[in-house]
Amino acid sequence: MSLAATSNYLTPTGREEPWRFTPLNRLAGLHDPAFTLHDRISLEPADIPAGVSITIEDAAAFAPLSKSEDQVVQRVREGVSKVLLVEIKDNAEIAEPIVLSRKILDMVPEISRVQVNAGLHSHATVVISNSGEGVFAEDIEFNLAPGSNLRFVTLQEWAGRAVHVARHHAIIAKDATFTSYVITVGGYLVRILPTVEYTGPGASADLYGLYFATDGQHLEHRVHVEHGVPGAKSRVNYKGALNGELARTVWIGDVFIRAAAQGTDTYELNRNLLLSHGARADSVPNLEIETGDIVGAGHASTTGRFDDEQLFYLMSRGIPSEEARRLVIRGFFAEIVSKLDLPEIEERIMSRIDRELAAVRS
Amino acid sequence: MSTLEIKGLHVAVVTEEGSKEILRGVDLTINSGEVHAIMGPNGSGKSTLAYSIAGHPKYSITSGSVTLDGVDVLAMTVDERAKAGLFLAMQYPVEVPGVSVSNFLRTAVTAIRGEAPKIRTWVGEVKEAMSALSMDPAFSERSVNEGFSGGEKKRHEILQMELLKPKIAILDETDSGLDVDALRIVSEGVNRVKKNQDLGIMLITHYTRILRYIQPDFVHVFAGGRIVEEGGPELANKLEENGYAEYITA
Ligand SMILES: Nc1ncnc2c1ncn2[C@@H]1O[C@H](COP(=O)(O)OP(=O)(O)OP(=O)(O)O)[C@@H](O)[C@H]1O
Ligand SMILES: [Mg+2]
């Protein structure tokens with residue numbers, strides 16, 4: 001189904017604030033009503049643990065739970081007829097991750113919606129793993145019931161000309177905890193909107209991210225944390241490395257503390273490591289505070305070159321330069337990766353980064 | 001038996017105003033088993049000498065030579081120098097976030113020895129070396145030098161020296177920042193490696209205190225980018241009393 005040109009949809013021009021960093025010509029028409037999008041659910045669940053159900057439902061019966069002003073997300077919502085629904089039962093304690101993966105191998109523009117409902121006091125980890133080469137837009141919503149604890153790991157291991165636009169939105173109820181790891185190590189254009197809102201006190205979000213861009217890749221992450229209720233907490237920590245003259249990353253960290261959100265506790269951090277000349281990392285933390293009654297609010301952003309002193313130190317102990325570089329870069333990401341607690345995924349990501357580093361330099 | 005031979009070494013750093021000469025003709029020969037103390041005022045170029053031998057990219061060698069057993073050290077990459085048997089205990093050891101001490105030590109030892117150490121013996125070897133230097137085993141899991149106190153960093157340097165077993169070591173103010181007990185412990189570590197490996201040592205220091213533990217065979221006065229006087233251990237005492245005034249030409 002394609003979006004009729006008669007809707008009130010406004011095609012982004014690139015001049016709008018949310019689009020000003022994004023190369024629209026790489027979007028492969030995802031934002032442009034002149035291009036037809038295909039409604040397709042390509043995610044495949046691995047073993048489904050007890051306490052979880054994964055079904056495909058009518059989109060009409062599971063309307064979006066949140067608003068989005070993003071034009072691509074709006075197109076997804078208007079274009080899909082089905083929703084992939086993940087239900088985690090109340091009080092379920094699920095140790096093994098719930099893994100969903102897709103591998104797209106055609107360049108047919110694809111859209112899909114996912115809704116994840118974490119039941120009361122449930123504990124679970126959802127992994128969504130993307131690979132292959134495709135053109136793809138998605139809208140994922142997480143609805144965390146009171147007291148639930150949901151970890152979300154998403155991997156973008158795209159190849160070549162892959163285009164991926166996504167919104168990952170979490171609605172976090174009283175005393176619930178959402179932890180996300182957004183890991184993007186490939187793609188021609190990737191634009192992800194990890195967004196969070198709270199509905200009760202004691203709600204908490206830890207948003208981690210790791211991105212690694214090589215020549216010709218544009219990897220963009222636009223975090224938005226909406227503190228609209230009192231007593232919620234957020235921590236954001238994204239780390240990126242860029243290698244190659246035409247490598248490009250964008251990180252936006254919008255944190256809004258509304259007048260009603262007394263007792264908010266927030267801190268956001270973005271660090272970028274430039275491994276070669278010409279690479280460009282944009283980092284824009286943005287904290288807006290409408291109440292004086294908060295526990296804490298802060299942000300930090302740094303973008304620096306590879307530290308030659310570290311390289312020298314390691315090499316002076318006999319470690320060859322390639323290996324020393326690898327150690328320093330692994331070390332840079334260790335803070336994020338070691339928290340994952342999924343050794344197989346950790347190793348997969350780090351060895352991909354190792355391989356790309358080696359490929360560029362040889 | 002190894003020999004590090006430094007001849008007519010001139011070294012410059014590149015600054016915004018251009019190239020600035022720091023070493024102005026250093027001649028020094030260090031043989032296995034010998035301890036050469038180098039003493040001299042701040043800014044005289046002692047660390048520059050140490051870094052130049054180790055191959056720090058900031059310094060450019062404008063003339064002179066450095067050889068280890070006749071082999072040109074200056075033609076080697078930084079890691080090759082370490083593999084050839086040189087070790088520099090740095091005045092300011094570098095922090096490497098996210099890289100654990102245990103991973104770092106294993107990687108370095110593997111590179112230097114040319115093969116990975118056997119896991120079973122390796123764990124014991126590290127434990128023993130750490131306990132000899134009164135280092136808490138918990139340091140293994142910490143990031144290299146990150147958040148280490150000044151004295152802890154220096155112990156960690158000597159720990160690396162014990163495990164890497166170099167032929168010639170340059171200790172750049174390893175004694176600075178050590179408390180009385182740590183000075184003894186670290187000195188014992190240095191003496192242990194000296195005895196076991198017949199290590200040759202260039203010991204850069206400002207104080208005679210460490211020389212009571214590590215007996216120098218030679219004392220060199222370093223000023224204005226070169227060695228300006230040489231003598232035996234008695235020279236160190238004289239320096240401590242009189243300072244460097246007589247060596248500094250305005
Ligand atoms: N990048 C640089 N630009 C200008 N001068 C430099 C630069 N790097 C080093 N120097 C100068 O070189 C000189 C020698 O420095 P070095 O660190 O070798 O001294 P040192 O003898 O080790 O001193 P200390 O006893 O204080 O450790 C100093 O005057 C220092 O300021
Ligand atoms: Mg010095």
Item to complete: Starting from the C-alpha separation in whole Å, work towards a yes-or-no answer on side chain to side chain contact (heavy atoms under 4.5 Å, CB included) for Leu311(A) and Val78(B).
Response: CA-CA 10 Å; Leu311(A) 193 65; Val78(B) 175; over 6 Å; no
Item to complete: Flag the pair Pro97(B) / Gln310(A) as yes when at least one side-chain heavy-atom distance between them is below 4.5 Å, and no otherwise.
Response: yes
Fill in: Contact origin within Pro166(B) toward chain A - heavy atom pairs under 4.5 Å
neither
Worksheet item: Does a sphere of radius 6.0 Å around CD in Glu188(B) hold more than 12 heavy atoms from other residues, nucleotides or ligands, not counting ones at 6.0 Å or beyond?
Response: yes
Practice prompt. State, with a plain yes or no, whether a side-chain heavy atom of Lys83(B) is found less than 4.5 Å away from one of Pro320(A).
Written response: yes
Discussion item. Under 4.5 Å from any heavy atom of chain A, what part of Glu95(B) do you find: side chain, backbone, both or neither?
Written reply: backbone
Discussion item. Between Glu323(A), Met315(A), Glu309(A), who has the most heavy-atom pairs with chain B when the cutoff is under 4.5 Å?
Written reply: Met315(A)
Worksheet item: What part of Phe312(A) gets closer than 4.5 Å to chain B, counting heavy atoms only: side chain, backbone, both or neither?
Response: both
Response to the item:
Listed by number, the residues in residues 50-58 of chain B that come under 4.5 Å of chain A (heavy atom to heavy atom) are Tyr51(B), Ala54(B), Gly55(B), His56(B), Pro57(B)
Response to the item:
Correct closest heavy-atom pair for Gly98(B) and Ala334(A) would be O-CB, 3.7 Å
Worksheet item: Under 4.5 Å, heavy atom to heavy atom, which residues of residues 107-137 of chain B contact chain A?
Response: Thr107(B), Ala108(B), Ala111(B), Ile112(B)
Worksheet item: Minimum heavy-atom separation for Ile319(A) to Asp79(B), with atom names?
Response: O-CB, 3.5 Å
Practice prompt. Scan Val96(B), Asn103(B), Val144(B) and name whichever one has a side-chain contact (heavy atoms from CB on, under 4.5 Å) with Leu327(A).
Written response: Asn103(B)
Discussion item. Taking CD in Glu344(A) as the centre, count heavy atoms belonging to other residues, nucleotides or ligands within less than 6.0 Å. Is the count above 12?
Written reply: no
Response to the item:
Rounding to 0.5 Å, atoms CG (Leu163(B)) and CZ (Arg317(A)) come to a distance of 11.5 Å
